[in-house]
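One-based numbering, in listed order, for ligands and for the atoms of each. Bear in mind that the values here come from a model prediction, so they are computed numbers and not experimental data.
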Amino acid sequence: MSHEESLILAETDGHVGIIRLNRPKVLNALNPELMAALAAQMETYDKDPGIYVIVLSGSEKAWAAGADIGDMAEQSVVSMYERDQFATWERIKRVKKPIVAAVSGWCLGGGCELMMHCDVVIASETAQFGQPEINIGVMPGAGGTQRLPRALGKALAMDVILSGRFLSAQEALDHGLVSRVVPKEHFFAEAVKVAHAIASKGPIALRFAKEGVLKAFETPLSEGLEFERKLFYMLFATEDQKEGMRAFVEKRKPTFKGK
Ligand code: HXC
């Protein structure tokens with residue numbers, strides 16, 4: 001398959017694994033084949049001991065304008081049920097390494113839901129966020145009704161999901177949907193820079209910290225705190241904890257090994 005035909009493009013930059021969605025003609029609409037390729041590449045990076053952080057990006061014009069409407073238009077409830085496309089999304093949810101999203105342009109529907117599967121979101125000032133499924137007679141199906149209110153609060157999430165209106169990058173930042181907003185020329189480079197900064201930390205601590213934060217959305221506070229404490233204690237069994245703390249005491253930079 002030539003580069004132009006690949007649904008995703010993958011490359012590495014030191015300890016950072018980069019994936020770009022690549023269906024430019026349809027604004028990176030997410031069909032099952034693209035999602036399968038994406039999940040497989042994420043799992044490859046997740047298993048690769050040389051990769052500490054993953055960057056997921058679209059193009060400057062579109063992160064992803066949603067699930068592929070043409071692909072879904074003639075599906076029935078039975079065919080949708082049987083092809084079980086959300087099993088692929090579950091694989092992305094299970095990725096343990098931090099995922100930095102580099103978002104520019106359209107970030108809509110399933111695209112917005114994919115962005116919410118990522119951990120740190122670097123948005124171009126041109127990015128537009130929305131769940132416009134309501135305009136085509138459906139509703140979010142890959143977590144939008146659950147993750148969006150957790151980020152935006154109920155009233156704004158309801159507004160976005162029920163009216164189909166888009167949020168600007170600044171609005172998304174103001175309401176906690178994204179981490180940082182940067183000029184459009186820099187969104188990808190900035191995301192890679194942030195990924196490298198994260199990759200310089202201890203890889204095991206990174207994975208545990210991600211797991212801890214995600215647990216906050218799944219459990220009552222007391223259970224989440226107990227989970228956090230166990231993860232925290234476990235890090236004292238790693239060489240990286242010794243190295244990190246000794247380096248601080250000895251006033252030098254730590255060298256983490258992921259051990
Ligand atoms: C398939 C899509 C697409 C999509 C855009 N295209 N979005 N194809 N699925 N989600 C295609 C268009 O058909 C068009 O193809 C080309 O991309 C360029 O799009 P235009 O509409 O011409 O561009 P523009 O006028 O700039 O408008 C951009 C846009 C609009 C506002 C993003 O394309 C749009 O509203 N797209 C749909 C957004 C949406 O409803 N997303 C939710 C999908 S449902 P041609 O061949 O004409 O050039 C969903 C459910 C998730 O995500 C459930 C979980 C998986």
(request) State which residues pass ring-ring contact (aromatic ring centres under 6.0 Å, His included) with His15; sequence neighbours excluded, sorted by chain then number. (result) Tyr52
(message) Would you say CZ of Arg246 has more than 12 non-hydrogen atoms from neighbouring residues, nucleotides or ligands within 6.0 angstrom?
(response) no
(request) Hydrophobic side-chain clustering at under 4.5 Å (ILVMFWY, transitive links): who's grouped with Met245? Put none if nobody. (result) Phe232, Tyr233, Phe236
(request) Heavy-atom cut-off of under 4.0 Å around ligand 1: list whichever protein residues fall inside it, by chain and number. (result) Lys25, Val26, Leu27, Ala29, Ala65, Gly66, Ala67, Asp68, Ile69, Met72, Gln85, Phe86, Trp89, Trp106, Leu108, Gly109, Gly110, Glu113, Pro132, Glu133, Ile136, Gly141, Ala142
(request) Return yes when atom CE of Met158 has more than 12 non-hydrogen atoms of other residues, nucleotides or ligands closer than 6.0 Å, and no otherwise. (result) no
(request) Establish whether Ile134 and Leu148 are linked, either directly or via other cluster members, by ILVMFWY side-chain heavy-atom contacts under 4.5 Å. (result) no
(request) Scan residues 203-213 for pairs that pass side chain to side chain donor-acceptor pair (under 3.5 Å), counting only residues two or more places apart or in two chains. (result) Asp119-Lys210
